[in-house]
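Structure, as structure tokens:
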Number of protein chains: 2
Amino acid sequence: MARAGLTVERVVAAAADLADEVGFENVTVSALARHFGVKDASLYSHIKNVQDLRTRLALLAGEEMIDHIAAAVAGCAGRDALAAFAGAYRTYALKHPGRYAATQIRLDQPLAADSRAMRRTAEITYGMLRAYGLEEPDLTDAVRLLRSTFHGYCALEAAGGFNASRDVRASWDKAVDALHTALEHWPREERREAQRKEKSPS
Amino acid sequence: MARAGLTVERVVAAAADLADEVGFENVTVSALARHFGVKDASLYSHIKNVQDLRTRLALLAGEEMIDHIAAAVAGCAGRDALAAFAGAYRTYALKHPGRYAATQIRLDQPLAADSRAMRRTAEITYGMLRAYGLEEPDLTDAVRLLRSTFHGYCALEAAGGFNASRDVRASWDKAVDALHTALEHWPREERREAQRKEKSPS
DNA sequence: CTCCTTACCTAGAGGTCCTAGGTAATACTC
DNA sequence: GAGTATTACCTAGGACCTCTAGGTAAGGAG
């Protein structure tokens, strides 16, 4: 009986491909075993359990995605960096829906939670935003806004949440423009007070 | 043998509560049957299959959520309406994580896809945005931006995606402020051209 | 060529989804 | 209240999934 030559890396890589094909939630040990022409029990010498497989897949996808984004952002600043980041983010999410879904699961192992990919993502995001001259806590607020919008948009688009009446790519570009505007006119305390006074008599 | 008195409505309602307890993806026919003290096969006279159960749950949650939002937005306009919408959205999503997750699944039945809840949500959202004087296609773009940010933020927050270093509620308020700013300074074609000229010599 | 590691196996328990066909509790009719 | 129709709920069983325990054989190291 010829061996399939399984290793953790090959198993996780195959799981990633499978995730992009059939969806992250449909990545099953059995399906993976079928893909290798092997019994499911055989995979348990390489992975601890399904949870373990998914965590490894999430880490792989996280690394891949931030590499992709970092390459796009390199050498850009300000609005260009934002557009590059956004474009690379959406491209990856749409091209690799299963891997992208994997990046969104909660990693309960605290060791995995601050992986290299996590730290790099934070670095690049905060670095990109420094051009807008924000300071804490506004910087964190802005990061959360960007992450939310990017993730929400890609999740909705991938789930078919947008009807086809308007080009989805065009809306994305507009959203990125709007975020750029929001970052440039970031609401600071004095602005908000002023606006509140302005509208209070109404 | 005393009957449990099952009906479709009771089953779906119990599924909704179960979803909020254990998460939408963990709503299973078996668990639901256990909750009623009944064999799983018995539920299949009330629901077609798991997919059917989830679709019904999604429709229920969608109705509930838009009712909650509509009540909050009633009588507000402009920035207040946006804040009320956002607040009600996030409140519901955090209070009913399972139901909220249900609202995000893809409804493949075209009949269910434009349900009453869907149409009401669209009405209320577009109505809220009319105060900003946008026209198509910018209106659709703005709706997509709001949906994305709201959904993304709640999804990330519910998944524990934000660390506790900064108050999550405060970030949310800032994000809503930023969206308001973005809507007021919505990037129109002439603005973008002007900005492009402005920065092109750099 | 032997030994050791390990890739892969069989067997089996337990959970989930779902169908087919049956029994009994309720509601409806007279 | 007796007979009838409806349906809530049952048992039995197949298919697929996760995961454990313990075994066999393929490959490399000496």
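Just so it is clear, the values below take in all heavy atoms, side chains as well, and ignore hydrogens, waters and symmetry mates. Chain naming here is simple, since letters A, B, ... match the order of the sequence lines and numbering starts at 1 in each.
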Exercise. Atom NE2 of A:H46 and atom P of C:dC9: how far apart are they, to the nearest Å?
Worked result: 11 Å

For this session: Report yes if a side-chain nitrogen or oxygen of A:S45 is closer than 4.0 Å to either non-bridging phosphate oxygen (OP1 or OP2) of C:dA7; otherwise report no.
Result: no

For this session: Assign the ring pair A:Y89 / A:Y100 to parallel, tilted or perpendicular, where the plane angle (0 to 90°) is split at 30° and 60°.
Result: perpendicular

For this session: Would you tell me if any nitrogen or oxygen in the side chain of A:R34 comes within less than 4.0 Å of OP1 or OP2 on D:dC17?
Result: yes

Exercise. Could you give the CG-to-C1' distance, from B:L6 to D:dT6, as a whole number of Å?
Worked result: 16 Å

Exercise. Between D:dA21 atom P and A:N49 atom CG, what is the distance in whole Å?
Worked result: 13 Å

For this session: Could you check how far CZ of A:R54 sits from C1' of D:dC17, rounded to whole Å?
Result: 11 Å

Problem set entry | Exam field: side chain A:S45 to backbone A:S42, donor-acceptor pair closer than 3.5 Å | yes

For this session: Give a yes or no on whether a salt bridge exists between B:D177 and B:R79, defined as a side-chain N under 4.0 angstrom from a carboxylate O.
Result: yes

Exercise. Between A:F24 and A:R54, is there a cation-pi geometry (under 6.0 Å to ring centre, at most 45° from the normal)?
Worked result: yes

Problem set entry | Interface with DNA chain D, restricted to residues 14-32 of chain B and to heavy atoms under 4.0 Å | none

For this session: Given side chain to side chain contact (heavy atoms under 4.5 Å, CB included), test B:L134 with B:L183 step by step and report yes or no.
Result: CA-CA 9 Å; B:L134 299 176; B:L183 289 170; 4.2 Å; yes

Exercise. Looking just at side-chain N and O atoms, do B:T140 and A:R166 make a donor-acceptor pair shorter than 3.5 Å?
Worked result: no

Exercise. Should B:D67 and B:R120 be marked as a salt bridge (charged side-chain N to carboxylate O under 4.0 Å, His left out) after you check the CA-CA gap, both sets of side-chain angles, and the distance that decides it?
Worked result: CA-CA 9 Å; B:D67 282 350; B:R120 259 190 95 200; 2.5 Å; yes

Seminar exercise, completed: B:I47 CD1 to C:dC18 C1', in whole Å, measures 10 Å

Seminar exercise, completed: Atom CG of B:D40 and atom P of D:dT11 are separated, to the nearest Å, by 11 Å

Problem set entry | Candidate nucleotides C:dC9, C:dA20, D:dC9, ranked by approach to the side chain of A:S42 - the nearest | C:dC9

Problem set entry | d(CZ, A:R10; C1', C:dA7) in whole Å | 12 Å

Exercise. Rounded to whole angstrom units, what separation is found between the OH atom of B:Y44 and the C1' atom of D:dC10?
Worked result: 15 Å

